[in-house]
Amino acid sequence: MKIDDNIETFNSLIKRRGFIWGPSPEIYGGLAGFYSYGPAGMALKNNILALYRRELRYFGFGEVECPTIMPEIVWRASGHLDRFIDPVIRCKKCSTLYRADKFLQEQCPDLMIDGLSFQKMENLIHDHNLSCPKCETPFNKIEEYNLMLKTQVGNNVTAYLRPETATTTYLLFNRLNQDARRQYPIKIYQIGKAYRNEISPRQGVLRMRAFDQFELQLFIGKQQEMVFEDFEEIKENTLPLLDWKLQAENKDKPEIISLEKAIKTKLLKKPAYAYCLYISYYLTKILGFPEEVIRFRQHSINERAHYADDAWDLEIKTRQFGWVEICGVHDRTNYDLKRHGEFSKQNFEVSMGSDSEIKEIPQILEIAFGIDRIIYTLLETIFNVEEGRINLKLIPILAPNTVAVFPLVKNKENIRNLAVKVHRALLENRINSFFDSAGSIGKRYRRQDELGTKWCITIDYESLDDNTVTIRERDSMDQIRVNISDLAEIIKKKQESKYLHFC
RNA sequence: GCGCUCUUAGUAUAGUGGUUAGAAUCUCGGGUUUCCAACCCGAGGACCCGGGUUCAAUUCCCGGAGGGCGCACCA
């Protein structure tokens, strides 16, 4: 079979090898914006999360998990109820849908539209005799389009599926404050599902209606943001930064700049925020993304979310979709805690240091990853076609199978038996080993290449005499011969040494 | 959500108003094979869903769902 190095080959691989399937439920035709992970995709996802959990212990983060459904008041306080419900107008004739506020602003650039009530916008549309640009028909009344999925709990209590995990983490603030014993900043993360009722989901898993988020929070004092101990350790690292000024000049090449310099030149205001950018870069790099495909892009002022003081997206360059945001780093100020303090009538002014007299509501810095976007962009980035061979260059600890074990030929019973024995022994050592004896040896290698398996172990005639096997490396296809008794240790060692040295 | 367009085995496709719906790859069984998708034998698997027209619909028409592209949307 001819294998082309193109995006179609990649797209079919994702399905064929059981990474991502959908839209689900496929047997009923699918519902747009919902996807399932197959065994390989789920193994990859779990491996990424396991790596992240391990790394975040190193950086001093704790993990929490909150309900995915929260009552209405939470979203009123967070601001999502206002911001996630869009006013839309529908043409009576062609039923084209427009965002009422954006449409008004476009038609009447001089008017101040932001913050107007639905009724006022409706009046304005009427007063200005605005009609559908396509067919000149007048509009219906303004309707609500709710980006949050609404549900009912118990006896008619209105609740919403969370559109982000972050807010649910903030609701734990007084508990976390107690738990942390004034050791600020409090570093906490949450991994879990979030839901958004996208108008028209596209681009596969990049815009799903149910997706996994991985959001890290720093609760931190205003002073501490400016004088931040952890910053000192990482300030010499360089990041590719594309600020909004460069963007305004229509440039898309980021400037490679050290964090120390970025602070000095006021490109970044706060060392603690710079630290967050670094963390997001670190977590991206350790998955095996090459530098060339990573950049940070700063949001312009009107692109920012309602809570943000500064915002940069970590973007990955993809073949299929251009630059894709996989992570947003947001300076949320004390907006969230202030609001939840007001709405819940709690006092979130706390002492963050040794002086009990000094109290303030903590600031929040947030690093928000979309896990499904990480997985898609990673797979696309490391997908390679080399001389007609598909090679998925996953780093070893992320690969669904750590190793695969083959008998060189399948019809020699003693070779096969030894291969099974070797495979079992690896499993005993809790190494994810996969056994395969179907087809030719070459075919089995190729199957594993498509899954990103770094090492294939083959038992041949020589093995029967001297208890050695070959280890074939995925990228070079070179083989080394080792003793069966050393195999598990060798694999474990190889696996560990293959990450942690990217910068 | 609008417009255009598409939807056939796991994957990528050919084709048809009456076909045993074809070839590739794939999967399974068997043979062969001393290391990179080889070969031989055998088997398996598909017309997105609903309605209409018709003696007969996978094929034509309408609607729905889903995908692609453009517009709009994307805290």
Side-chain angles (χ1 to χ4, degrees), chain A residues 1-4 6 8-9 11-18 21-34 38 75 78-86 88-91 93-99 101-103 106 132-135 143 145-148 162-164 166-167 194 196-204 206-209 299 303-308 311 320 325 328 330 332 368 387-391 406-412 415 438-450 456-464 469-470 472 474 477-479 481:
Chain A
M1 184 173 68
K2 193 168 174 289
I3 295 168
D4 294 319
N6 58 28
E8 285 77 22
T9 309
N11 289 338
S12 87
L13 174 79
I14 295 304
K15 287 185 261 187
R16 279 193 297 115
R17 284 297 173 215
W21 293 316
S24 304
E26 288 185 279
I27 61 168
Y28 289 106
L31 191 55
F34 296 93
W75 308 113
S78 72
H80 286 89
L81 210 52
D82 290 336
R83 302 290 176 151
F84 266 57
I85 295 183
D86 292 333
V88 294
I89 38 175
R90 191 184 296 275
C91 171
K93 194 170 152 201
C94 67
S95 37
T96 303
L97 207 63
Y98 299 90
R99 269 279 295 268
D101 49 347
K102 300 226 167 178
F103 178 74
E106 208 178 280
C132 177
K134 277 191 192 165
C135 62
E143 306 164 34
Y145 187 90
N146 196 341
L147 270 316
M148 282 197 291
R162 62 181 179 190
E164 61 165 23
T167 286
R196 286 178 202 179
N197 193 18
E198 299 280 357
I199 293 177
S200 60
R202 293 247 181 110
Q203 306 183 320
L206 294 185
R207 257 176 92 194
M208 290 200 284
R209 285 174 164 148
H299 282 202
E303 196 180 350
R304 275 182 214 155
H306 58 282
Y307 46 69
Q320 193 156 215
E325 173 199 352
H330 305 120
R332 295 179 73 134
E387 292 167 32
R389 175 176 77 114
I390 291 176
N391 185 3
F406 313 137
L408 180 59
V409 291
K410 66 177 166 187
N411 61 350
K412 296 282 181 290
I415 289 188
S440 69
I441 187 76
K443 183 162 228 159
R444 288 178 239 150
Y445 285 141
R446 299 303 167 89
R447 282 196 196 110
Q448 295 307 311
D449 293 342
E450 291 190 345
C456 290
I457 293 155
T458 300
I459 287 74
D460 55 18
Y461 289 88
E462 211 177 317
S463 309
L464 297 173
V469 294
T470 60
R472 175 260 199 188
R474 184 192 62 207
M477 300 193 278
D478 290 343
Q479 295 182 339
R481 189 165 273 279

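Naming convention: chains lettered A, B, ... in sequence-line order (proteins, then strands); numbering from 1 in each chain.
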Looking for any heavy atom pair under 4.0 Å, which part of the strands does [X] touch: base, sugar-phosphate only, or nothing?
X: A/Thr470; result: base
X: A/Arg99; result: sugar-phosphate
X: A/Leu147; result: nothing
X: A/Pro23; result: sugar-phosphate
X: A/Arg444; result: nothing
X: A/Gln479; result: base
X: A/Ser200; result: base

Original post:
Do the side chain of A/Tyr28 and the base of B/C48 come within less than 3.5 angstrom through a donor-acceptor pair of N or O atoms?
Top reply: no

Return no unless some side-chain N or O of [X] is found under 4.0 Å from OP1 or OP2 of [N].
X: A/Asn411; N: B/G31; result: no
X: A/Arg447; N: B/U27; result: yes
X: A/Arg16; N: B/U11; result: no
X: A/Lys443; N: B/C26; result: yes

Considering only [options], which nucleotide approaches the side chain of [X] most closely?
X: A/Arg446; options: B/C35, B/C36, B/U11; result: B/C36
X: A/Arg207; options: B/C73, B/C35, B/G66; result: B/C73
X: A/Lys410; options: B/U33, B/C36, B/A12; result: B/U33
X: A/Glu450; options: B/A72, B/A37, B/C73; result: B/A37
X: A/Lys15; options: B/C74, B/U11, B/U33; result: B/U11
X: A/Arg202; options: B/G67, B/G1, B/C35; result: B/G1
X: A/Tyr445; options: B/U34, B/C36, B/A12; result: B/C36
X: A/Ile199; options: B/U34, B/U33, B/C73; result: B/C73

Original post:
Should A/Arg332 and A/Glu164 count as an ion pair when the cut-off is N to O under 4.0 Å?
Top reply: yes

How far, in whole Å, is [M] from [N] if one measures between their [atom1] atoms?
N: B/G17; M: B/G1; atom1: P; value: 34 Å
N: B/A37; M: B/C74; atom1: C1'; value: 42 Å
N: B/G44; M: B/C48; atom1: C1'; value: 22 Å
N: B/G15; M: B/C60; atom1: P; value: 13 Å

In Watson-Crick or G-U wobble terms, both distances under 3.5 Å, what is the partner of [N]?
N: B/A72; value: none
N: B/C55; value: B/G18
N: B/U7; value: B/A65
N: B/C39; value: B/G31
N: B/G44; value: B/C26

Original post:
So among A/Val469, A/Leu464, A/Leu408, which one has a side chain to side chain contact (heavy atoms under 4.5 Å, CB included) with A/Ile459?
Top reply: A/Val469

